[in-house]
Each structure stands twice: as structure tokens, then as C-alpha cells.
Amino acid sequence: MATNSAVKAAKSFLNTTGFSPEPTLLEQYVKCLSEDGLVEEAVDVYNALKETGISPSVVTSNAVLLGCLKARKLHLFWELHKGMMESEVDLERIRCLIQALCDGGEVSEGYELLKQGLKQGLDPGHDVYAKLISGFCKIGNYACMSEILHTMIAWNHFPNLYTYNEVIKGLCKNKKHVEAFCIFKSLKEKGYAPDRVVYTTMIHGLCEKGWLGSARKLWFEMIKKGMQPNELTYNVMIHGHLKRGEFVLAGEFYSEMLRKGYKETTVSCNTVISGFCSHGKSDEAFEFFKKMSETGVAPDAITYNALIQGFCKENKVEKGMKVYKELKALGLKPSVVTYAALVRNLKMSDSVETSLNF
DNA sequence: ATAGGGTTAG
């Protein structure tokens with residue numbers, strides 16, 4: 001591969017001398033330009049080549065396509081590809097096309113192409129499968145995600161931890177906690193070593209489901225393996241316990257977090273405040289909220305929305321309105337749910353005259 | 001592609 005400076009030298013040489021090299025050399029040049037990220041110029045030379053009646057090799061065409069992908073120029077990619085329709089589709093072309101489809105959000109089309117290629121024995125390799133899997137994770141298509149996971153293993157490509165983390169996260173998001181936990185457990189049997197991120201993802205999933213016992217088991221397991229929970233792991237655990245009304249345990253995790261040197265953040269405070277509010281403890285939430293200003297942790301829209309909703313749920317309209325005014329004064333916005341809760345509360349109370357003052 | 005994990009609400 002040419003260095004960038006070599007490409008520049010070649011470019012200026014061609015421009016200043018008007019020298020027209022052999023087509024094969026020009027193809028080489030196109031390849032270098034593409035690999036160096038000079039995609040627009042690569043495309044120009046590529047098109048110039050075609051205009052002189054020469055059809056560039058598959059290798060050259062693929063190199064330009066890959067260049068467009070790496071430079072995230074999808075328009076250029078598809079425009080070029082239109083002009084390549086008659087040329088042969090090889091493995092590299094399939095790899096490029098699937099990646100372009102994934103980047104453009106057309107994961108299902110990418111998957112179709114994968115299946116077509118595999119029928120002909122064209123296996124695009126680990127990274128392409130991984131890209132399809134994360135694409136399907138993003139759109140919440142559990143079935144396809146799982147299919148591809150099995151396919152890639154069948155083709156002897158073993159997903160890395162990153163991919164497994166996405167799979168576990170995707171499964172949890174799609175309420176497939178049992179499957180997610182199975183995959184997590186099978187990881188260890190297969191010889192993978194889940195790291196702190198994967199542990200945190202799984203603990204989060206278990207907490208969401210309310211399976212605190214399993215969550216705690218993993219918590220101690222990761223510590224035993226020498227991994228220290230960080231502020232994210234702590235927050236996941238605190239949130240999980242608060243959600244289930246386990247205030248004492250949540251408090252223990254919270255103070256341990258501080259003892260370990262993790263500072264309180266807006267997020268950790270929001271977790272506590274929303275935890276109190278969802279269990280009819282809005283006054284305790286408010287006490288906690290007041291302490292935030294003392295410790296210098298800035299509240300945000302989430303803090304205020306949680307508090308207002310908490311007060312509304314307990315029909316404490318006056319308190320809710322007070323917090324609402326504070327939110328407005330800070331230039332923050334109430335969420336639709338918060339606003340609806342306030343309106344409902346105001347209608348129920350006698351203070352119908354109290355304006356929400358938009 | 002040596003990347004990736006958390007908080008409101010329903």
C-alpha cells in the first residue's frame with residue numbers, strides 16, 4: 001500500500017506532466033487513492049478509466065467501494081455500484097454490499113445477501129456477521145440476530161465478547177432475559193472470560209427482570225474474579241434494588257460506592273430519587289434532592305420530572321407545582337407524562353385556577 | 001471494529 005505522500009507525489013506528477021500511464025497503472029493508482037481515503041479522487045480516476053472504454057478489474061472496483069465505505073460516503077458507494085451491475089459479484093463485493101446495507105439501515109437486505117452468498121459457499125467472515133448482528137440488535141429483531149449468531153458459529157466464526165455483549169443486551173431489551181442469561185452462562189463454558197462490561201450488562205438485565213438474587217450472585221462472582229464494579233455497575237445494582245423496594249440493600253450499595261471513591265453524579269442521584277418516587281416516598285426523594293445542591297451535583301430534567309411525577313402520584317399538588325416552577329425557571333422542559341400528571345392533579349384538586357403557565 | 005455497559009416514563 002502506498003503512503004499518503006507517495007499518492008500525493010503521484011497525483012502532482014500526473015497533473016503537471018500530463019503523462020498518461022498504462023491502464024493497469026491507473027488501476028493501481030485508484031486502489032492507492034481509495035486505501036488512503038482520497039475517495040473522491042479515486043472515483044474520478046475510476047470513472048475516467050471507464051470513459052476511455054476500459055473496464056476496471058473486480059479488484060479495483062472493490063477497492064473503490066471499500067474506500068467509500070470506510071469514508072462513510074454511502075451515496076458515492078451506491079452511485080458507483082450502479083455502474084458495476086454487470087460485473088461479476090465475488091466474495092469481496094458481497095462483503096462490501098452487506099456492510100453498506102447495514103450502514104444504511106437496511107439490515108434485512110444485508111441478511112438476504114448473506115444467505116444468497118452462503119448458498120454459493122461465499123462466507124464473508126467474522127466482522128460482517130458481527131455487523132449484521134449489531135444491526136439486528138439495534139432494530140430489536142431477536143429472531144434474525146439469533147439466526148446469524150448460529151450461522152456464524154456453524155461457519156466456524158466465533159463471535160467475540162463485544163458481539164456477545166450486544167447479543168445479551170439485545171435479548172434483554174427484547175424481554176428475552178432467560179435466553180440472555182443462558183448465553184451468558186454458556187460463555188463461561190465455552191472458555192470466554194466475560195469482562196466488567198459484560199457482567200454489568202447481564203446484571204442490568206437480571207435487575208430489570210427483578211432477579212436480584214442472580215444479580216447479586218454475578219456481582220460477587222465478578223469481584224471474586226478480580227473485577228471491580230465501577231460506578232455503572234453500582235448504579236445498575238442500586239437501581240435494581242430500588243425498583244424492587246429493597247431500600248436497605250440499595251442504601252448499602254450506595255454507601256459502598258461512595259466508600260470506593262466513586263462520586264455521586266446526576267445519574268446516581270436520579271436513580272435514588274426515581275426509586276423513592278416510584279414507591280410513594282416522594283418526601284424522602286425531595287430530602288435527597290435538597291442534599292444535591294449541598295454536594296454540588298446538578299439536577300437535570302430527569303431529576304425534576306421524577307420528583308414532579310412522584311408528588312403527583314401522591315396527590316401532593318402544591319409540592320409538585322413548586323418543583324414544576326423550579327424546573328421552568330431553569331429553562332428545563334417537563335415531559336409529556338409529567339405534564340399530564342400535573343394536569344390530572346390540578347383537575348382533581350380545588351386549585352383549578354393555578355395555571356401551568358406555559 | 002482493541003469498539004461495548006447505567007438513570008425518568010408507560
Side-chain angles (χ1 to χ4, degrees), chain A residues 66 69-70 72 95 98-99 102-103 124-135 137-138 157 159-173 175 180 184 187 192 194-208 215 218-219 222 227-243 250 253-254 257 262-279 282 285 288-289 292 297-313 320 323-324 327 332-342 344:
Chain A
L66 194 64
L69 268 182
K70 289 214 171 117
R72 313 210 125 268
R95 301 185 72 234
I98 296 176
Q99 289 184 70
C102 287
D103 287 347
H126 177 281
D127 291 355
V128 173
Y129 291 96
K131 200 153 189 172
L132 282 165
I133 288 174
S134 50
C137 281
K138 273 192 199 94
H157 298 295
N160 58 24
L161 263 189
Y162 171 92
T163 303
Y164 271 118
N165 187 55
E166 284 212 301
V167 168
I168 292 167
K169 195 174 49 167
L171 285 170
C172 290
K173 228 168 57 186
K175 309 258 177 253
F184 178 85
L187 279 183
Y192 288 87
D195 63 5
R196 181 162 68 187
V197 174
V198 181
Y199 268 97
T200 304
T201 304
M202 193 65 250
I203 291 172
H204 179 225
L206 295 170
C207 283
E208 284 281 287
L218 286 194
W219 173 274
M222 72 182 279
M227 285 169 274
Q228 284 305 312
N230 65 4
E231 55 192 315
L232 281 88
T233 326
Y234 272 103
N235 203 62
V236 163
M237 206 61 164
I238 293 160
H239 180 241
H241 281 76
L242 286 172
K243 212 174 148 187
F253 280 112
Y254 204 88
M257 175 182 83
Y262 297 110
K263 299 263 177 286
E264 287 183 289
T265 62
T266 303
V267 172
S268 72
C269 292
N270 286 346
T271 301
V272 174
I273 289 171
S274 63
F276 277 136
C277 287
S278 61
H279 288 279
S282 60
F288 193 90
F289 166 76
M292 283 175 74
V297 181
D300 63 3
I302 293 173
T303 324
Y304 285 102
N305 278 297
L307 268 176
I308 297 168
Q309 285 178 51
F311 280 135
C312 286
K313 212 154 41 182
V323 178
Y324 173 78
L327 167 143
L332 298 170
K333 279 199 163 162
S335 74
V336 183
V337 180
T338 299
Y339 193 76
L342 270 174
R344 200 169 40 240

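Among the candidates Asn235(A), Asn230(A), Asn165(A), Thr233(A), the single residue satisfying the side-chain hydrogen bond (donor to acceptor under 3.5 Å, both in side chains) test with Thr200(A) is Thr233(A).
Distances from the side chain of Asn235(A) to the nucleotides dG6(B), dG4(B), dG10(B) place dG6(B) closest. Distance from the side chain of Ile302(A) is smallest to dT7(B) among dT7(B), dA9(B), dG6(B). When distances are taken from the side chain of Val337(A) to each of dG6(B), dG4(B), dG10(B), the shortest belongs to dG10(B). Closest to the side chain of Ser274(A), out of dG10(B), dT7(B), dG5(B), is dT7(B). When distances run from any side-chain atom of Thr265(A) to the nucleotides dG6(B), dG4(B), dG5(B), the shortest one goes to dG6(B). Considering only the side chain of His239(A), dT7(B) comes nearest among dT7(B), dA9(B), dG5(B).
The OH atom of Tyr339(A) sits 17 Å away from the C1' atom of dA9(B) (whole-angstrom rounding). For Met257(A) and dG6(B), the CE to C1' distance is 11 Å, given to the nearest whole Å. In this structure, CG of Asn305(A) is placed 16 Å from P of dT7(B), rounded to the nearest angstrom. Distance OH (Tyr162(A)) to C1' (dG4(B)): 6 Å, rounded to an integer number of Å. Tyr234(A) has its OH atom 19 Å from the P atom of dG6(B), to the nearest Å. Here dT7(B) presents its C1' atom at 12 Å from CZ of Phe288(A), a figure rounded to the nearest Å. Atom P of nucleotide dA9(B) and atom CG of Asn270(A) are separated by 10 Å, given to the nearest angstrom. Rounded to an integer number of Å, the gap from CG of Asp127(A) to P of dG4(B) is 15 Å.
Lys131(A) comes within contact range of at least one nucleobase, with a heavy-atom separation under 4.0 Å. Note on Ala130(A): a base of the nucleic acid sits closer than 4.0 angstrom, heavy atoms only. Across all strands shown, Val272(A) has no heavy atoms under 4.0 Å from either base or sugar-phosphate atoms. In this structure, Val236(A) reaches the sugar-phosphate backbone alone: every heavy-atom distance under 4.0 Å involves primed, P, OP1 or OP2 atoms, never a base. Within 4.0 Å of Thr266(A), counting heavy atoms only, lies no atom of the nucleic acid at all. Within the 4.0 angstrom heavy-atom criterion, only backbone atoms of the sugar-phosphate kind lie near Gln309(A); the bases stay farther away.
A ring-centre distance under 6.0 Å is found for Tyr199(A) and Phe184(A).
Ring pair Phe288(A)/Tyr254(A) is perpendicular by interplanar angle, where above 60° counts as perpendicular and below 30° as parallel.
Residue side chain Thr201(A) does not reach the base of dG4(B) through any donor-acceptor N/O pair under 3.5 Å, judged by distance alone.
Within the 3.5 Å criterion, the main-chain N or O of Ile302(A) finds no donor-acceptor partner in the side chain of Asn270(A).
Defined by atom type and a distance below 3.5 Å, a donor-acceptor pair is missing between the side-chain atoms of Thr266(A) and Asp300(A). Counting only N and O atoms by type, the side chains of Thr163(A) and Tyr129(A) include no donor and acceptor under 3.5 Å apart.
Toward the 5′ end of DNA chain B lies the nearest nucleotide of Glu166(A), the other residue of the pair Glu166(A) and Leu161(A) mapping further downstream.
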